[in-house]
**Student:** 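First the structure, then my questions, so here it is.
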Amino acid sequence: MTIVMPTIKPVDGRFSPGPSRKRPGWTPDFLKDAALGRSHRSPLGKQVLKEVIDLTREVLEVPDSHRIAIVPASDTGAVEMAMWSMLGPRGVDVAAWENFGYAWITDAESQLPLKDLRILKADYGELPDLSQYTGDRDLVFTWNGTTGGARVPNADFIPTDREGVTICDATSAAFAQELPWDKLDVVTYSWQKNMGGEAGHGMIILSPHAVERLESYTPPWPLPKIFRMTKNGKLNESLFEGSTLNTPSLMCAEDHIETLKWVRDQGGKKGGLQWMHDRADANFAVLQDWMDKTPWIENLCAVPEQRSNTGVCMKIIDPRFAALDASAQSAFASAVVKMISDQGVAYDFGSYRTAPPGFRVWASGLIGKQDILDLIPWLEWGFAVQCEKTFK
Ligand SMILES: Cc1ncc(COP(=O)(O)O)c(C=O)c1O
């Protein structure tokens, strides 16, 4: 059988979950006037960092009651500084359903370690029973499981009048999914996911309840400098005004400012944040419609309302593929990705190395719907060619 190669390629074939593609029309021109080669502690440097904080509040619609800071070591740094600074005085639940959530389990179980710990764990593509969370304990969880394609549909499982602190790793959810600020005491993310920013910097957003915890509790373990959010028992307010714990990149900060402004200006009356959410939803819908009508592939997440609109994870269900052993399945899926990459069509859309073999296509708001539509025939082509090679 002749398998016909598609002719139309996505205009932008970058489908990586992070660093993800930059906003449409991005150029480095803004760097001409950027605060490069200046100290981050100079008035100019601080002004740039404060602008990131102010624009984040505006574009991400963070309430005035919450504090926002730029912290070291990307999203991982932000999650771990919250865990190390706040956990201990109460029992802790860690809810996890993919690679990064599992890392927070390791932190809680083997590194801190916490004495009164309950693990709510599920496999890739699924959610654990979150109704077990009752609000009297602290909670660490990932809003959108980037490597498993499953997200919490809402925060109804978190009581508003809880005593525990909720720490939410929202790195692939922020700017794509609604975050209910009254339910989340710590929200973290990094710039290189849904905003197409540069890597290395974390954002941490604290509710008044989180600040209360920081000011009323001193952990028994050592706290590295890059985790310290308090000074003499009080919140280090300067962090939330543009000071940082160590040296940030002003180049990356300027880049992020440009994207925050760009997103702010999209969407007309409904606003940039909603525009980003709607675009991710529309991109996801294209992929889901295709999976629904294609017999050999389906969403790794079986429950429709739990499906991610950013890292859309897909599994191959063709019976011939299912009959292969795990390493042959992995090799098959990787070969399809490589074949399409080698044609200069699309990149970085293989499933995460610890996830079930298949594809993960980044669908967030900065990705164009037409690019996803144009990717699909290539997925069909790659699958058909690899079937012919493998099952002839
Ligand atoms: C859910 C989640 N948490 C944490 C991380 C780690 O993020 P970073 O590399 O910004 O530290 C990632 C990266 O993909 C992620 O998807």
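Just so you know, these numbers use all the heavy atoms, side chains as well, and skip hydrogens, waters and symmetry mates. Everything numeric here is computed off the predicted structure, so don't read it as measured data. All ligand and atom numbering here is 1-based and tracks the order in the structure.
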**Student:** Name the closest protein heavy atom to atom 11 (O) of ligand 1, giving the residue it belongs to and the distance to 0.1 Å.
**Tutor:**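 Residue, atom and distance for the closest contact: T76 OG1, 2.5 Å.
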
**Student:** For ligand 1, is there an N or O atom under 3.5 Å from any N or O atom of E98?
**Tutor:**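 No; every N/O pair is 3.5 Å or more apart.
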
**Student:** Using heavy atoms and a threshold below 4.0 Å, how should the contact between D169 and ligand 1 be classified: side chain, backbone, both, or neither?
**Tutor:**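 The answer is the side chain.
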
**Student:** Please work out whether any backbone atom (N, CA, C, O) or any side-chain heavy atom from C-beta onward of D75 is under 4.0 Å from ligand 1, and answer side chain, backbone, both or neither.
**Tutor:**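 Both parts.
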
**Student:** What are the atoms of ligand 1, with element, lying closer than 4.0 Å to any heavy atom of T142?
**Tutor:**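 Checking each atom against T142, I get 1 (C).
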
**Student:** Between K22 and E198, is there a salt bridge with N-O shorter than 4.0 Å?
**Tutor:** yes

**Student:** Check each of F175, W275, F30 against W262 using the ring-ring contact (aromatic ring centres under 6.0 Å, His included) test, and report the only one that passes.
**Tutor:** W275

**Student:** With under 30° as parallel and over 60° as perpendicular, where do the rings of F227 and W84 fit, or are they tilted in between?
**Tutor:**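 Geometry flag for W84 against F227: tilted rings.
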
**Student:** Using a 3.5 Å cut-off on N or O atoms only, is T146 in polar contact with ligand 1?
**Tutor:**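 Yes.
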
**Student:** Is there at least one pair of N or O atoms, one from S74 and one from ligand 1, spaced under 3.5 Å apart?
**Tutor:**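 Between S74 and ligand 1, an N or O pair is found under 3.5 Å apart.
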
**Student:** Of all heavy-atom pairs between G149 and C313, which one has the smallest distance, and what is that distance?
**Tutor:** N-SG, 3.3 Å

**Student:** For ligand 1, which atoms sit closer than 4.0 Å to a heavy atom of K193?
**Tutor:** 13 (C), 14 (O), 16 (O)

**Student:** Can you tell me how the ring of W191 sits relative to the ring of H201, calling it parallel under 30°, perpendicular over 60° and tilted otherwise?
**Tutor:**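 The rings of W191 and H201 lie parallel, inter-plane angle below 30°.
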
**Student:** May I ask you to check whether F15 and Y347 place their ring centers less than 6.0 Å from one another?
**Tutor:** no

**Student:** Determine whether W296 and F383 satisfy the following criterion, ring pair (Phe, Tyr, Trp, His ring centres under 6.0 Å), listing intermediate values before the conclusion.
**Tutor:** CA-CA 9 Å; W296 57 268; F383 175 74; 3.7 Å; yes

**Student:** Can you check whether S190 has an N/O within less than 3.5 Å of an N/O in ligand 1?
**Tutor:** yes

**Student:** Look at atom 5 (C) of ligand 1 and say which protein heavy atom is nearest, naming residue and atom and giving the distance to 0.1 Å.
**Tutor:**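 Sorting protein heavy atoms by distance from atom 5 (C) of ligand 1 puts F100 CD2, 3.3 Å first.
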
